[in-house]
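Below: one structure, written as structure tokens.
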Amino acid sequence: MNKENETDVTPSNFIREVVKDDIASNKWEGRVHTRFPPEPNGFLHIGHAKSICLNFGLADEFGGQCNLRFDDTNPTKEEDVYVQSIIEDVKWLGFDWGDKIYYTSDYFAQLYDWAVQLIKADVAYVEDLSADEIREHRGTPTQAGKDSPFRNRSVEENLDLFERMKNGEFADGAKVLRAKIDMASGNLNMRDPVLYRIIKAHHHRTGDTWCIYPMYDFAHGQSDSIETITHSICTLEFEDHRPLYDWIIDTLDVYHPQQIEFARLNLAYTLLSKRKLLQLVEEKHVAGWDDPRMPTISGLRRRGYTPESIRDFCERIGVAKANSTVEMALLEHCLREDLNKRALRLMAVLRPLKVVLVNYPEGQVEELDSPNNPEDPEAGSRKIPFSRELYIEQEDFMEDAPKKFFRLAPGKEVRLKSAYIIKCEEVIKDSSGNITELRCTYDPDSKSGGATAGRKIKGTLHWVSAQHAKSAEVRMYSHLFTKENPADDKESSDLKSALNPESLEILKDCKVEPALAEAQPGDRFQFLRMGYFCADAKNYLSTAPVFNRAVTLRDTWAKIAKKGS
RNA sequence: UGGGGCGUCGUCAAGCGGUUAAGACACAGGUUUUUGAUGCCUGCAUACGGAGGUUCGAAUCCUCCCGCCCCAGCCA
């Protein structure tokens, strides 16, 4: 590859190539029209974000349009709370669907008419067999199925029966409408698939208007057709449904979108299945769909993820047809990279250890200047109070420190960020030998920013003035599961066994600098040397601040320490 | 013994008959640093599931084999 071509660094993917080719060949008169079609039966997760970024991204990139469409064909599982959460999440991710939201339920009348059309063409029939009997007749992957005894009802009888189904004359499950295709097909989806079933349930939008509802397979392709979608992008498991959609659309002789399948996202150490996430919520293994440990959009948002970082992640993972599992490290990297540029640095001591500066005047308070973000000069600086009694992090002191530990230890010196160099003179312990306090001296000549501050000290610690500090609760999150692929556990429904008992550690007595009591819920910060944190959107109060750890900082010392032990 | 897919570095993933087989994350080393952070530099697939074949030339084409995933909901 030569220099001129190196400017094109955006990784492409096969779907983008298809779209480009179609534009070049004028296949759709240059149009690009995609759609994101979630079922409102749960909250969106990072896997949906991949699809959202793909569909909306393609439309944006090629000047097209992407519809947000709710695939609401099953009233027993769908709820309005889910549609609201989905709308919020897609919007938060930064995408725009124009002024109209689409619903498959808006097409129920048209879908019904199309079913009638198929009956009239003698390629659909009303089935009286029970669900079990239908299954028995279906055969197996290696054995052809058997025709239903009701397969050859007359068009007139089918028309009559189907209308009576619609009118509510039959009980749930008593009859279904089936397509008449091929009971011997190698593709199970073509063995006379069910098109309509009777469900006398309240629909979140159509209420009690209908007592028959189209199956997904009889709604999805036509919905795309109605909306003149050009590229119907979906996941791999629908690949063998494509012949059925093609059959329906061609039999109906309507606009025929092009379906393209890609591999859904898998993320290590978590689950990306709405069914299983619902189970986590219902069994109370997490605090809700938006628990910061959840891989849901709302969980990630509450955890402190930015829309930008999620979009970046979706761009980086690529789009292909090979099943794969992406490492959590990539997602975390995307967040760190984003927040490194924008998050204000503040100091928070999570596990406080008191330090008394014996040679610092009692009652004296200095206002020291500290940069808000070394990556962004525009962010300016702030004043932080310094006094005789401070808190430092417990893990920043070791009584018997190894040579490579360049933090505080008896007789050793360390720099306090934006303040002075201090030296540990004495370790105070309680009767059971726990370290309760450190007596230190400070070097008045080492004041940060001063003329004589140049003395080099290997370690720099974050700290907070005891009398000025605010107390806060900090929730330390890590991955929800101990297994890289918790779904591997065959059909065993006990997600419990794979759960990480340490996915949440609550720190109640953290000491944070005063400015952190004036945050807004949802604000994100870097707690110097500790990681990126987010003021909890639900529980944060300035009188009782609560922060969530979004992601740790890279920690080279932790690696060294681990190697050494 | 059915149908549909997929196999390129630890993890993703470009590659579309002629490339020293991109890039990112991870990892390792060095360097800057009042965050052991960030930044910067360096290293990291003689090799593309395997075996044959076509070709002057194959990760890319053909054949066979192996492995993995999906499909038997009146779920989507």
Side-chain angles (χ1 to χ4, degrees), chain A residues 1 6 9 11-13 17 37-39 41 71 73-74 76-78 127 130-131 134-136 138-145 172-178 184-191 194-199 213 215-217 219-220 235-243 261 263 268 274-275 316-334 336-337 340-341 345 347 370-371 374-375 404-407 415-419 421 446 448-449 453-462 526-531 552-561:
Chain A
M1 184 177 277
E6 284 183 80
V9 290
S12 194
N13 61 63
E17 294 308 310
E39 182 190 14
N41 67 340
D71 236 320
T73 56
N74 186 347
T76 64
K77 293 190 174 173
E78 296 145 9
E127 172 67 274
S130 69
I134 287 176
R135 188 180 324 115
E136 284 160 21
R138 187 148 34 221
T140 70
T142 53
Q143 271 181 312
D172 284 22
K175 295 184 183 334
V176 291
L177 182 74
R178 290 230 253 172
S185 172
N187 183 345
L188 269 11
N189 296 119
M190 301 298 270
R191 319 243 267 224
V194 171
L195 269 21
Y196 261 94
R197 70 300 209 189
I198 300 169
I199 303 176
Y213 291 90
M215 294 289 291
Y216 173 86
D217 280 347
H220 193 86
T235 45
L236 257 25
E237 67 269 29
F238 294 105
E239 210 149 15
D240 24 312
H241 292 240
R242 177 152 38 92
E261 307 85 4
K274 271 198 271 185
R275 205 193 103 248
R316 292 192 194 217
I317 57 177
V319 180
K321 295 193 71 162
N323 291 113
S324 60
T325 301
V326 176
E327 290 175 342
M328 197 61 96
L330 216 211
L331 216 208
E332 295 181 338
H333 169 81
C334 292
R336 285 193 195 101
E337 188 175 79
N340 176 52
K341 292 176 301 194
R345 272 63 167 173
M347 295 201 278
S370 191
E375 301 295 317
K404 284 187 171 177
F405 184 83
F406 37 89
R407 302 182 184 183
R415 164 136 239 145
L416 294 181
K417 174 73 181 177
S418 298
I421 291 169
S446 65
S448 189
R455 194 151 65 91
K456 294 290 177 193
I457 292 291
K458 193 70 171 154
T460 299
L461 308 185
H462 62 282
Q526 183 191 111
F527 287 179
L528 210 70
R529 303 205 309 134
M530 300 308 282
T552 60
L553 255 25
R554 280 188 63 216
D555 191 350
T556 307
W557 166 243
K559 284 180 192 167
I560 296 169

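Quick note: numbers below take in every heavy atom, side chains included, and nothing from hydrogens, waters or symmetry partners.
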I'd like the [atom1] distance from [M] over to [N], given in whole Å.
N: B:G50; M: B:C68; atom1: C1'; result: 15 Å
N: B:U60; M: B:G18; atom1: C1'; result: 11 Å
N: B:G43; M: B:C48; atom1: P; result: 23 Å
N: B:A72; M: B:G4; atom1: C1'; result: 14 Å
N: B:C44; M: B:G23; atom1: P; result: 11 Å
N: B:U20; M: B:U8; atom1: P; result: 23 Å

Considering only B:A13, B:U38, B:U35, which nucleotide approaches the side chain of A:Arg554 most closely?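 In terms of side-chain proximity for A:Arg554, the closest of B:A13, B:U38, B:U35 is B:U38.
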
Taking the minimum atom-to-atom distance to the side chain of A:Glu239, which one of B:A26, B:G4, B:U35 wins?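 In terms of side-chain proximity for A:Glu239, the closest of B:A26, B:G4, B:U35 is B:G4.
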
Protein-to-nucleotide contact annotation, 5' to 3' order, nucleotides 70-76 of chain B [B base; S sugar-phosphate only; - none; under 4.0 Å, heavy atom]: SBBSBSB

Euclidean distance, A:Met328 CE relative to A:Leu330 CG, rounded to 0.5 Å: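 The CG atom of A:Leu330 sits 11.5 Å away from the CE atom of A:Met328.
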
For B:G52, does the O4'-C1'-N9-C4 (purine) or O4'-C1'-N1-C2 (pyrimidine) torsion place it in syn, i.e. within 90° of 0, or in anti?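 Because its glycosidic torsion lies more than 90° from 0, B:G52 adopts the anti conformation.
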
Would A:Lys274 and A:Glu39 pass as an ion pair if we require N to O under 4.0 Å?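 Not counted as a salt bridge, because no side-chain N and carboxylate O are separated by less than 4.0 Å.
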
Non-hydrogen side-chain atoms of A:Arg336 and A:Thr552 separated by less than 4.5 Å: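 Yes. Closest side-chain heavy atoms under 4.5 Å.
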
